[in-house]
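Residue numbers begin at 1 in each chain, while the letters A, B, ... track the order of the sequences.
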Number of protein chains: 2
Amino acid sequence: MTNSHYMNNSHKIKAERREKEQQDRKKSILKAAREIFFRKGFMDSTVEEIAVKCGLAKGTIYLYFKSKEDIYISIMAEGLNLLKKDMEKVSGIDLRSDRLIEMLVHGYYDFYKRNKKYFRMMFLSSQPDVRSRVSEGLLKNCIAVGNDCMQIVSDIIKKGVADGLFRKVDHWAAANILWAMVNGIIMSYEEDPIYREEIVGIGLEEILNESISLALDGLRVKR
Amino acid sequence: MTNSHYMNNSHKIKAERREKEQQDRKKSILKAAREIFFRKGFMDSTVEEIAVKCGLAKGTIYLYFKSKEDIYISIMAEGLNLLKKDMEKVSGIDLRSDRLIEMLVHGYYDFYKRNKKYFRMMFLSSQPDVRSRVSEGLLKNCIAVGNDCMQIVSDIIKKGVADGLFRKVDHWAAANILWAMVNGIIMSYEEDPIYREEIVGIGLEEILNESISLALDGLRVKR
DNA sequence: GAGATATAATGACTAATAGTCATTATATGA
DNA sequence: TCATATAATGACTATTAGTCATTATATCTC
């Protein structure tokens, strides 16, 4: 009895260690993949290259990931989680809701500047032919994290409404609009990094500021 | 002299006919490609399939297009031009600027509903690894048509400002914000056709209406 | 520590496919 | 009718995602 218990425990420890080792391998694959996907984009990167970069054979990669798309989405998920962490930091600050919204968008812009590559990945991942090859679980996870981010925005708007600062808007809908607006603006600049600023005649940061004040104007109660 | 002139003329006619025949071939390739790209997306479509669909050999396709990406972008350009035509119709109407903006966005939404496939193509085309394989000229053309669309929005806002209906905003910047907002919202629904409506709890058309009134609220002069 | 068993890694292989180019067919002109 | 130019072809090359039989390594048992 004691023996079997002992054994069981030992098994558990071994299993845990194996689990950890597997996670480490996965991480090292992702590290190599990140660098390559960032540099070359999805289409121009090869699984072979990722394998070589982390000192494994191609076949080994497929022991840890079902497809190239799964690796890609896993990296995108990293980005989403980083973003979520940034946003959580802001949401914890004790300030008026409109100031928090401003900070959120500025934080988002900062994140974008620091992580442009993650952004591009997010845009590709919405393509149906990419999605169709991604494992259900990974996709669900991404959607969930994105949802968490939206929840943060929504909560801030909700608080603003409760405080009588904002009109009685549907805070979910408002959060989605705000988010989509910021995303759309960033994407429009992302499409034409150089050309865009030239034709619009105004920088991304400035235009984001404009859009925040426009949106907050629409949200605030009128006196 | 007369003879040579005659010849020249005959040559010109022949050259024109050849030109027309080439354009017809190009169109028939695009017709086949459109159907296949719409159904399968970029990655899952093959040039061979396009060739078979329009009764040509694969090699022939490459006499008319430099790459698969060029075919793809050419079809996307069709979509952009259709959109531009729709928008031009609205811009010709004699109404208050805020009503025109509403009509423009509704028209855009209608266009989206009728042409979802074109929209998806637009989103993919912003990926650097796709872009890098597209001919310079085709890309420039797309950007120019997109610019024309933005000009229409901008002109309407400009008129609204001139009429004292809108605040004295930078109409280019405002047009870009409005456009990006609408695009961002449509894209967010496009990402999760089913799931999205569920989590937001409100349909795309409704949320677009919300966003229009929010934006117009921000634009209108305060009394 | 030897042998047995389980787990992990490998890379040769298959299938698919973008793009090329020498060859063949077709149309035009003298 | 033959010559020349233009258009079309499809076999071929190179690349690459994903598989799987084989090999290596670690773990366990006695």
Comparing B/Gly59 with A/Glu48, nearest DNA chain D nucleotide closer to 5' gives the residue B/Gly59

Out of D/dA7, D/dA17, C/dA18, minimum distance to the side chain of A/Thr46 belongs to D/dA17

Tell me the interatomic distance from B/Lys26, atom NZ, to D/dA8, atom C1', rounded to whole angstroms.
17 Å

Assert yes or no for the condition that the ring centre distance of B/Phe119 to B/Tyr108 is strictly below 6.0 Å.
yes

Hey, does A/Glu49 reach any base, or is it just sugar-phosphate, or nothing, if we go heavy atoms under 4.0 Å?
nothing

Which nucleotide, C/dA9, D/dG18, D/dT9, lies nearest any side-chain atom of B/Ala57?
D/dT9

For residues 74-84 of chain A, which residue pairs pass the salt bridge (Lys or Arg N to Asp or Glu O under 4.0 Å) check, not counting sequence neighbours?
A/Arg34-A/Glu78, A/Lys84-A/Asp148

From CD1 of A/Ile50 over to P of D/dT15, roughly how many Å is that when rounded to an integer?
18 Å

With sequence neighbours left out, what residues match A/Lys31 under salt bridge (charged side-chain N to carboxylate O under 4.0 Å, His left out)?
none

Check whether any side-chain N or O of B/Tyr64 sits under 4.0 Å from OP1 or OP2 of D/dA8, and answer yes or no.
yes

Quick check on D/dA17: is either OP1 or OP2 less than 4.0 Å from any side-chain nitrogen or oxygen of A/Arg133?
no

If you check the A/Leu56 side chain, which of D/dG18, C/dA18, C/dT10 turns out closest?
C/dT10

In whole angstrom, give the distance that lies between atom CG of A/Asp44 and atom P of D/dA17.
11 Å

Please check: side-chain N/O of B/Lys68 versus main-chain N/O of B/Phe42, any donor-acceptor pairing under 3.5 Å?
yes

Nearest whole angstrom, please: distance from the P of D/dT15 to the CE of A/Met43.
19 Å

Minimum-distance nucleotide (side-chain atoms of A/Thr60 versus C/dA9, D/dA8, D/dA17):
C/dA9

For A/Phe42 and D/dT16, give me the distance from atom CZ to atom C1', rounded to whole Å.
12 Å

B/Tyr62 OH to D/dT6 C1': how many Å, rounded?
22 Å

Nucleotide nearest B/Leu63 when distance is taken to its side chain, options C/dA9, D/dG18, D/dA8:
D/dA8

I need the NZ-P distance between A/Lys58 and C/dT10, as an integer number of Å.
14 Å

Could you tell me if the side chain of B/Ser188 sits less than 4.5 Å from the side chain of A/Trp179, heavy atoms only?
no

Indicate whether OP1 or OP2 belonging to C/dA18 is found under 4.0 Å from a side-chain N or O atom of B/Lys68.
yes

Quick one: A/Lys40 NZ to D/dT16 C1', roughly how many Å, whole number?
12 Å

Give a yes/no answer on whether the side chain of A/Gln22 brings an N or O atom under 4.0 Å of OP1 or OP2 in C/dA8.
yes

